[in-house]
2 protein chains.
Amino acid sequence: MASKLPVSLKDIAEAAGVSTITVSRALRGLPLVKPDTRKQITEIANRLGYVPNQVASSLRSRKTGLIAVIVPTVAGSIFSDTVNSISNELGKAGYQIIIGESSYDIDQEQAVLEALVQRRPDGVIIAGVNHTRTSRELLALMNVPVVEIWDMTDDPVDSVVGFSNRGAAYQFTLALIEKGYRKFAIASGPMEHRNRAQQRAVGHCEALAEKGLSSFGSIVIPHFMGMLSSGETLLKFVTDTSDVDCLFCTNELIAIGATVQCRRAGMRIPDDIAIVGFGNVEAALIIDPPLTTVTIHGAEMGREAARIVFECLSGKRDGHVSIDVGYTITWRGTA
Amino acid sequence: MASKLPVSLKDIAEAAGVSTITVSRALRGLPLVKPDTRKQITEIANRLGYVPNQVASSLRSRKTGLIAVIVPTVAGSIFSDTVNSISNELGKAGYQIIIGESSYDIDQEQAVLEALVQRRPDGVIIAGVNHTRTSRELLALMNVPVVEIWDMTDDPVDSVVGFSNRGAAYQFTLALIEKGYRKFAIASGPMEHRNRAQQRAVGHCEALAEKGLSSFGSIVIPHFMGMLSSGETLLKFVTDTSDVDCLFCTNELIAIGATVQCRRAGMRIPDDIAIVGFGNVEAALIIDPPLTTVTIHGAEMGREAARIVFECLSGKRDGHVSIDVGYTITWRGTA
DNA sequence: TTGTAGGCGTTATCAA
DNA sequence: TTGATAACGCCTACAA
């Protein structure tokens with residue numbers, strides 16, 4: 001608070017000739033204040049330009065009105081639906097979110113979490129179910145509602161709202177095989193211990209194996225590479241890998257990039273090569289042909305997670321909720 | 001703080017046999033603590049799982065480490081570069097941002113500001129230069145660095161980092177006329193008193209007038225309409241408006257939508273109609289043809305604004321800075 | 001319906 | 001180099 005707003009409850013109390021607690025009650029709309037008193041107090045508060053100090057309030061009441069939200073990245077459109085719906089949903093209830101970025105790394109996630117915890121959020125919503133031991137301990141120690149999102153697990157910290165990344169990739173791959181594709185290559189973001197990219201790759205491979213197929217190739221695209229440059233890389237990859245008939249991308253951005261670059265290189269999609277994504281972002285609709293993909297219900301996950309946090313905080317619920325929001329295979333033009 | 005983390009400075013002080021203030025100093029890395037003492041304290045703090053309470057610290061020190069950022073919307077890609085670069089830049093210095101959405105409305109902006117001020121941010125970065133009287137008063141009252149971004153003004157609240165929306169539209173229009181276009185129609189977001197859409201429209205019309213041209217039509221697209229649906233509306237608009245050779249869009253999303261839908265309807269771009277945008281977002285690069293537009297330096301504005309806030313807070317500077325980051329006309333395929 | 005007393009956990013200030 | 005004291009602004013608990 002470099003911001004020294006000069007008017008406090010005490011000033012209003014003095015001006016109104018009542019005690020600070022009466023002012024506090026009046027301004028918070030508690031029912032035990034005489035209407036006249038309240039009216040007078042409200043007037044004085046407005047006249048003096050009073051702005052409540054939520055920092056002091058938070059310290060005393062042990063309620064910050066802050067919900068920590070941790071996602072891999074806020075750049076790009078992947079998690080923005082989720083974050084927006086959390087923000088909108090919790091905003092209605094008077095909560096504010098503070099965002100941390102894990103940069104797809106559980107140690108970074110831990111560092112971000114440690115920083116956010118210092119602000120004593122009333123709840124935590126965190127993408128992913130794989131965390132460091134310290135992170136899990138910290139989450140438990142905080143004693144606030146925690147909701148993990150964007151994946152499922154049998155061993156949640158508290159509540160979880162997600163979908164099976166592995167299952168989605170598995171079913172999607174089966175559906176693609178059903179459609180006639182046989183020669184798959186996979187393009188993925190970096191895979192680490194049980195992260196979502198890995199789970200998707202696993203599901204994809206399981207489906208291939210089940211149908212007696214094997215992969216024609218695989219390539220990893222680093223995080224934070226732009227759509228177009230990953231597309232160039234993938235164009236080269238599919239050109240160099242003979243005979244692929246379907247490029248299975250475990251994330252939407254690289255699928256879009258690949259589609260754009262392959263088309264610009266003169267390939268016919270899906271005839272020369274099919275390309276599929278995973279996630280469904282708005283940009284998938286503006287390319288030609290529009291992208292066949294798995295729609296992930298990011299906004300819904302955010303909304304449900306926010307609802308759970310809110311209901312736990314208002315005592316309507318006890319945590320330990322698991323919700324599988326599923327996924328939807330969305331056929332468009334690229335496969 | 002539903003989050004009752006059980007260990008406080010006092011607990012550590014007792015375990016270490018020193019006073020709380022010594023613990024405080026040790027943990028903050030202040031230079032007046034004996035290395036031995038510090039080492040012992042650090043050890044105990046780790047062992048007990050101490051997490052500093054920034055709420056208490058903020059109350060006492062009058063520093064929250066929070067910077068309020070207010071933008072029209074965080075959905076969509078328009079302001080995300082700006083917000084990200086603010087966040088990254090301030091993050092380096094240990095600040096955290098809290099975001100508010102004005103929804104393109106100065107009364108809503110005021111409401112959001114009033115809510116954010118209660119958290120006593122150490123600084124404010126706010127998109128736009130047109131605010132309610134109350135908002136301006138509040139910003140002044142807070143006595144923290146304030147940076148307005150995304151536009152220029154002669155009468156900033158404190159500092160301003162932006163560019164001339166009017167000037168950009170004016171120059172861009174002149175350049176388009178130079179290129180041979182004569183029959184312009186304009187598509188814009190809602191225009192209100194001196195907002196950016198209006199300034200852009202004004203600049204566009206000034207250029208037309210200067211060259212003795214007049215507009216062939218205009219249409220307003222409401223906020224928050226998706227790219228594709230605004231594109232449909234615009235396709236109908238240009239089909240119904242005879243003879244237009246260039247659709248001047250004052251925002252990028254509607255330009256992209258229009259390009260996609262016109263092309264899907266079989267129009268040749270730019271031969272049948274040229275379409276230009278304003279802003280330059282990543283999606284402008286993946287459509288065909290890629291969009292000719294004005295590149296706005298959103299990340300740079302964010303970076304500079306963050307730098308100013310930081311420098312003011314560290315006493316290196318006094319506020320009252322004006323920076324014009326300019327804009328760049330980016331020729332691609334649609335005009 | 002209103003008030004008194006005290007404390008939330010930390011840090012500024014002054015003293016030793 | 002360390003400590004005692006008080007205060008930041010508000011709200012909980014209890015009392016009247």
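The chains referred to below are lettered A, B, ... by the order of the sequence lines, with proteins before strands, and numbering in each begins at 1.
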Selected nucleotide, minimal atom distance to L32(A) side chain, candidates dT1(D), dA4(D), dT2(C):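 Out of dT1(D), dA4(D), dT2(C), the nucleotide with an atom closest to L32(A)'s side chain is dT2(C).
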- prompt: To the side chain of V18(B), which of dC8(C), dT2(C), dG3(D) is closest?
  reply: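 Between dC8(C), dT2(C), dG3(D), the one nearest the side chain of V18(B) would be dG3(D).
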For the pair made of [atom1] in [X] and [atom2] in [N], what is the distance, rounded to whole Å?
X: L5(B); N: dC8(C); atom1: CG; atom2: P; value: 15 Å
X: R62(B); N: dG9(C); atom1: CZ; atom2: C1'; value: 16 Å
X: D36(B); N: dT2(D); atom1: CG; atom2: P; value: 9 Å

- request: Any chance you could lay out the salt bridge (charged side-chain N to carboxylate O under 4.0 Å, His left out) test for E300(A) and R303(A), step after step, and finish with the verdict?
  value: CA-CA 5 Å; E300(A) 188 183 347; R303(A) 212 178 313 117; 5.6 Å; no
message: Can you tell me if T22(B) touches the phosphate of dG3(D), counting only side-chain N or O atoms and a distance under 4.0 Å to OP1 or OP2?
response: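 Yes, because at least one side-chain N or O of T22(B) sits under 4.0 Å from OP1 or OP2 of dG3(D).
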- request: For the pair R47(B) and E43(B), evaluate salt bridge (charged side-chain N to carboxylate O under 4.0 Å, His left out) and give the outcome as yes or no after the intermediate values.
  value: CA-CA 6 Å; R47(B) 184 156 48 73; E43(B) 232 157 55; over 6 Å; no
message: Please encode protein proximity along nucleotides 10-16 of chain C as a string of B, S and -, counting only heavy-atom distances under 4.0 Å.
response: BBB----
- prompt: Is the number of heavy atoms from other residues, nucleotides or ligands under 6.0 Å of D154(B) CG greater than 12?
  reply: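 It does not: D154(B) CG has 12 such atoms or fewer within range.
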- request: Examine distances only and state if a side-chain atom of T82(A) and a backbone atom of G298(A) form a donor-acceptor pair shorter than 3.5 Å.
  value: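 Pair found, side chain donor or acceptor close to backbone of G298(A).
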query: How are the rings of Y95(B) and F310(B) set to each other: parallel, tilted or perpendicular (split at 30° and 60°)?
result: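 Correct class here is perpendicular.
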- request: Could you check I67(B) against D122(B) for side chain to side chain contact (heavy atoms under 4.5 Å, CB included), going step by step and ending with a plain yes or no?
  value: CA-CA 6 Å; I67(B) 306 296; D122(B) 293 334; 4.2 Å; yes
